Amino acid sequence: MMGKFLVIFVAAYAGFTTADTHYLLSGFFSGTSIAALEFDDAKLSLNLINDITINANSSKWISLDESKENLYVGAPGYFQSYSITSGLELDYQSSASLPSNCSNANYIVAAIKEPHAVFGAPFNLGCSALAISVDAAGSLQSSFANITYDNRAGVHGLALSPQADFIYSADDTGNAVWVHSYNQPSAVIKEVQRISAPDGSDPRHIAVHPAGLFVYVVYEKSNELAIYTRNKSTGRLVNTNVTYSLIPSSFSNYSSYYGDEVAFSIPGEKSLPPRYLICSTRSLGTTPGYVTAFALDPLAGNITSQLFVLPTTGTGGQANAVSPASFSEEHFATTDTSSNFIEVWKIESNKTSTSAFAAAHVDLDSAPANAVWYT
Ligand SMILES: *[C@@H]1O[C@H](CO)[C@@H](O)[C@H](O)[C@H]1NC(C)=O
Ligand SMILES: *[C@@H]1O[C@H](CO)[C@@H](O)[C@H](O)[C@H]1NC(C)=O
Ligand SMILES: *[C@@H]1O[C@H](CO)[C@@H](O)[C@H](O)[C@H]1NC(C)=O
Ligand SMILES: *[C@@H]1O[C@H](CO)[C@@H](O)[C@H](O)[C@H]1NC(C)=O
Ligand SMILES: *[C@@H]1O[C@H](CO)[C@@H](O)[C@H](O)[C@H]1NC(C)=O
Ligand SMILES: *[C@@H]1O[C@H](CO)[C@@H](O)[C@H](O)[C@H]1NC(C)=O
Ligand SMILES: *[C@@H]1O[C@H](CO)[C@@H](O)[C@H](O)[C@H]1NC(C)=O
Ligand SMILES: *[C@@H]1O[C@H](CO)[C@@H](O)[C@H](O)[C@H]1NC(C)=O
């Protein structure tokens, strides 16, 4: 299986500029595997091509570095790094350990700017997140600073400012958003702001627009997308108190859903701004979860319209993380733990409206957590 895969992969990679074949990796809430998947954007097929054994019993969040040479994994008790081989295998390199009472590694993100520090958060009450250095190859070295909160905090998601000089933390348990400054020459991280969210919001995940003026937060409990403005020099946030529902506006049962993810589409050229902001929410019942997308102002990055709110093909279960493709702003992956699958969705527009559909589906043996696009 692996030998055959290697040949196919190298052949596809050689024709990269014209190929319609793309590769994703997915982590899992339990089990010692990371899945490698192949998506064909012409045939709209999605297939499991490799079940890679890793050095951990779960991989609740995975993230690539900017060069896509390393995969960072949130594993029980550790943040781990794996180098990605040309055959899309993973070679374990190193890890940074978490304290025993803060071991629920839940989120990890790598700075796209030198020195490419990596930030990881455990989802445990009162625990700090870690700032971790990397070596020249991108392997994790050691924790060089704690990102500290208070004893009410349980941070579920992190995001970095465009220059990686500020760290934003979505504090789900403490119902707040935190801002920390990161001075790169001195490697010092300091608290700048703790901003309480409205009662019953529970910030889960957060995304900073590349223009640096707007920060978007998914409120898990109230099932909304919240808009914060950001001061580019101080990093401080102001809650505009403007929110969008992640479920159809006619629904009054927002407490039957749990907001999940917020992510920008990825323009092919790095200098271009993202066109879309994509969010997901899970259903707590047996009816579907939802995905929604917003159009963004290309300069400021504020929302100009909500494009669609569409039911997903499962409830979402524990997680339905959306993951925008790196090759096209019109594609994003979703995970779903209600019946263990990953889908690739395609956004389609005509003159009057924009919609999306589940274009490709693959069933998996266990519950996928989040996917990242390798090509
Ligand atoms: C996975 O869990 C089992 C049972 O708790 C343990 O023996 C094993 O060491 C764990 N493996 C890793 C890689 O953490
Ligand atoms: C973790 O355990 C240590 C040692 O018992 C304790 O000092 C610390 O406060 C604990 N941290 C948290 C976040 O509970
Ligand atoms: C982070 O906090 C832990 C627990 O308080 C402490 O043991 C460790 O030395 C700190 N790390 C750094 C880099 O300051
Ligand atoms: C950002 O904060 C600084 C310092 O408080 C202030 O002088 C500046 O006017 C703020 N910028 C905006 C756009 O509000
Ligand atoms: C948002 O609401 C809070 C709490 O009511 C209020 O203090 C704050 O001024 C409001 N923000 C704006 C931008 O109106
Ligand atoms: C929420 O309400 C809508 C409209 O009545 C209904 O279709 C949907 O199934 C409900 N969702 C859940 C999770 O119960
Ligand atoms: C977006 O923000 C810019 C800059 O603040 C503003 O000029 C523009 O009117 C805003 N657009 C919308 C749709 O809010
Ligand atoms: C545009 O797309 C929408 C949603 O997919 C559809 O309902 C509508 O009929 C389409 N309009 C045209 C002019 O094709």
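Both counts, for ligands and for their atoms, begin at 1 and track the order of listing. Fair warning: this is a prediction, and the values are worked out from it, not measured in the lab.
- Ring geometry, Trp345 versus Phe332: the interplanar angle falls under 30°, so the pair is classed parallel (tilted spans 30 to 60°).
- Atom OH of Tyr78 is surrounded by 12 or fewer heavy atoms from other residues, nucleotides or ligands within 6.0 Å.
- For ligand 8 and Thr352, the ligand atoms under 4.0 Å from any heavy atom of the residue are 1 (C), 11 (N).
- The protein heavy atom nearest to atom 10 (C) of ligand 8 is Asn350 ND2, 2.4 Å.
- The closest protein non-hydrogen atom to atom 13 (C) of ligand 7 is Ile303 O, 3.8 Å.
- Comparing Phe251, Tyr258, Tyr290 against atom 3 (C) of ligand 6, the shortest heavy-atom distance belongs to Phe251.
- Listed by number with element, the atoms of ligand 6 under 4.0 Å from a non-hydrogen atom of Ser283 are 13 (C).
- For the atom pair CG of Asn104 and CG of Leu125, the computed distance is 12.0 Å after rounding to the nearest 0.5 Å.
- Of the charged side-chain nitrogens involved, at least one lies within less than 4.0 Å of a carboxylate oxygen, so that Glu66 and Lys270 count as a salt-bridged pair.
- By heavy-atom distance, the residue among Ile227, Asn302, Asp297, Thr304 lying nearest atom 14 (O) of ligand 7 is Asn302.
- Within a 4.0 Å radius of atom 7 (O) of ligand 8, the protein contributes no heavy atom.
- Near Ser256, with a cut-off below 4.0 Å to any heavy atom, the atoms of ligand 6 are 12 (C), 13 (C).
- Within ligand 8, counting atoms from 1 as listed, the ones closer than 4.0 Å to a heavy atom of Ser353 are 1 (C), 2 (O), 3 (C), 4 (C).
- When ring centroids are compared, Tyr107 and His205 come within the 6.0 Å threshold.
- Atom 1 (C) of ligand 6 has its nearest heavy-atom neighbour, among Asn253, Thr287, Ile247, in Asn253.
- Set against the non-hydrogen atoms of Ala300, the atoms of ligand 7 under 4.0 Å away are 2 (O), 3 (C), 4 (C).
- Note: His331 and Phe327 have tilted aromatic rings, judged against thresholds of 30 and 60 degrees for the angle between ring planes.
- Looking only at heavy atoms of the protein, atom 5 (O) of ligand 8 is closest to Ser355 CB, 3.8 Å.
- Test Asn320, Thr281, Val218 against Asp260 for side chain to side chain contact (heavy atoms under 4.5 Å, CB included) and you get one pass: Asn320.
- One finds no salt bridge joining Arg204 and Glu261 here, because no Lys/Arg side-chain nitrogen approaches an Asp/Glu carboxylate oxygen to under 4.0 Å.
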